[in-house]
Number of protein chains: 2
Amino acid sequence: MKKTKDENTEELILNAAKHIFQSKGMVGARMQEIADKAGINKAMLHYYYRNKQLLFEAVFKNAFSLLAPQLNAVLNDDSSIEDKVKNFTLNYINFIAKHPYLPNFIIQELNRNPGFLLKMKDNPAFPNIEKFKKQVAQEVENGILKPISAEQLFINIMALNVFPFVAKPLLVAFTNTDDETYKQLIEDRKTEVADFIINSIKHT
Amino acid sequence: MKKTKDENTEELILNAAKHIFQSKGMVGARMQEIADKAGINKAMLHYYYRNKQLLFEAVFKNAFSLLAPQLNAVLNDDSSIEDKVKNFTLNYINFIAKHPYLPNFIIQELNRNPGFLLKMKDNPAFPNIEKFKKQVAQEVENGILKPISAEQLFINIMALNVFPFVAKPLLVAFTNTDDETYKQLIEDRKTEVADFIINSIKHT
DNA sequence: AAATTTATTAACCAATTGGTTAAACCATAT
DNA sequence: ATATGGTTTAACCAATTGGTTAATAAATTT
């Protein structure tokens with residue numbers, strides 16, 4: 001039934017779709033282009049995924065399932081806030097280097113269709129802030145952190161880590177850097193961002 | 001020649017195009033939809049703006065020209081870094097409340113077509129980091145600020161202020177908030193973000 | 001007011017696009 | 001070998017879309 005080859009047709013399609021959808025978005029992507037990239041007939045896309053919307057959802061869920069564990073490392077890990085900030089900052093930048101289109105793709109498509117998230121919220125791996133809230137409250141109470149709400153801290157962590165990728169073209173232009181220099185700037189952020197955050201929230 | 005009415009047709013089109021392009025993006029927007037929103041015939045769009053691309057560019061430049069002065073307030077104003085951070089944070093959040101689609105629109109379209117920025121870079125009002133670099137270096141040297149590069153500081157300021165709008169659907173979902181609560185969270189950031197930044201960079 | 005220029009419209013067009021269909025292909029079980 | 005079921009293809013289709021055109025209406029100039 002299934003070809004025991006390197007990639008069966010279904011995966012071939014999903015991979016091609018991933019590339020096209022992530023670089024052109026749902027509306028910009030063309031079914032023919034996906035078929036071409038996969039090296040198969042366009043009818044096969046419909047044979048395996050029925051229509052564009054379902055193929056897109058398969059790609060989106062796939063992308064989201066890559067991102068979720070990264071965020072859960074901040075929200076649900078047992079180490080201290082300080083350690084988690086340090087680890088997340090380091091890991092996330094490495095992670096995105098491997099999936100450069102990912103944050104933009106997810107953000108863009110969710111803004112186009114926010115209802116999309118509802119389909120994922122029941123997933124038990126869906127990132128949730130509750131545990132993190134208790135931990136922040138605890139560390140604030142213990143005098144480890146200065147008073148801050150978990151929500152604001154989480155937003156700040158996300159912002160400082162994700163934004164440089166999302167807004168890369170703008171930031172490259174405003175800071176007068178070329179691609180190579182910008183890459184170095186991002187590299188420096190692996191430690192700088194953590195320090196920036198810790199500096200601000202840690203009680204002295 | 002020109003109607004002295006409230007809005008002439010050209011403006012009518014630009015306004016309608018602004019709404020449609022900003023909510024659906026260049027590829028998602030339909031010329032017919034823009035014409036309908038403007039209450040005119042589709043052929044008029046071509047009469048005034050020749051084609052979709054040129055109409056889009058008019059909208060984009062218009063949006064960009066709204067954003068640029070905001071950023072220049074950080075980069076080129078004469079007040080201290082601390083004051084600029086405080087003012088920008090406050091002003092930017094108010095500004096976006098009036099133009100909610102703007103940051104996403106610009107970021108999305110620039111990622112689709114980064115070459116677009118080249119057309120704007122010659123504009124003298126195009127935000128440039130040079131003056132800000134000197135100022136940061138100066139304040140670091142004077143012991144007002146802890147050592148930090150102007151680029152990283154600028155990226156941090158942008159990230160903390162812009163990201164909560166760009167990633168709103170994601171952040172609402174992860175922080176388990178409804179729209180109203182999120183609005184309040186943003187409101188709190190008018191001062192929280194500035195404190196967060198100052199806390200981190202100011203020498204004690 | 002006649003002529004001319006500008007603004008506006010309805011109808012049309014060619015190209016693109018997501019999706020369908022019917023036939024062919026191919027591996028496996030009988 | 002042949003019947004069977006899933007797989008793949010080429011050709012086709014209806015709808016959408018950006019853009020054009022030729023005729024009309026409304027200003028503006030003469």
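In what follows, chains are A, B, ... by sequence order, proteins preceding strands, each numbered from 1.
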Check salt bridge (charged side-chain N to carboxylate O under 4.0 Å, His left out) between B/Lys119 and all other residues, then give those that pass, not counting sequence neighbours. B/Glu57
For A/Lys37, enumerate each residue passing the salt bridge (charged side-chain N to carboxylate O under 4.0 Å, His left out) test, keeping only those at least two apart in sequence or located in another chain. none
Taking salt bridge (charged side-chain N to carboxylate O under 4.0 Å, His left out) as the definition, give me every residue that meets it alongside A/Arg112, ordered by chain and number, with sequence neighbours left out. A/Glu109
Can you find a side-chain donor-acceptor pair between B/Asn176 and A/Lys133 that sits under 3.5 Å? no
Measure CG/B/Asn8 against P/C/dT6 and give the value in whole Å, please. 16 Å
What residues form a side-chain hydrogen bond (donor to acceptor under 3.5 Å, both in side chains) with B/Gln22, not counting sequence neighbours? none
Sorted by chain and number, sequence neighbours left out, side-chain hydrogen bond (donor to acceptor under 3.5 Å, both in side chains) with A/Ser200 holds for none
Think B/Thr9 has a side-chain N or O under 4.0 angstrom from the OP1 or OP2 of C/dA7? no
B/Gln32 has an atom CD; how far is it from atom C1' of D/dT20, in whole Å? 14 Å
Euclidean distance, atom CD1 of residue A/Ile40 to atom P of C/dC25 [Å, nearest integer]: 19 Å
Taking the side chain of B/Met31 as heavy atoms from C-beta outward, which of D/dG18, C/dG18, D/dT8 is closest to it? D/dG18
Checking A/Lys168 now: which residues fulfil salt bridge (charged side-chain N to carboxylate O under 4.0 Å, His left out) with it, not counting sequence neighbours? A/Asp179
Once ring-ring contact (aromatic ring centres under 6.0 Å, His included) is applied, do any residues pair with B/Phe163, and if so which ones, sequence neighbours excluded? none
Would you jot down, in residue-number order, the residues of residues 41-54 of chain B having a non-hydrogen atom under 4.0 Å from DNA chain C? B/Asn41, B/Ala43, B/Met44, B/Tyr47, B/Tyr48
Please give me every residue in residues 14-30 of chain B whose heavy atoms get under 4.0 Å of an atom in DNA chain C, ordered by residue number. none
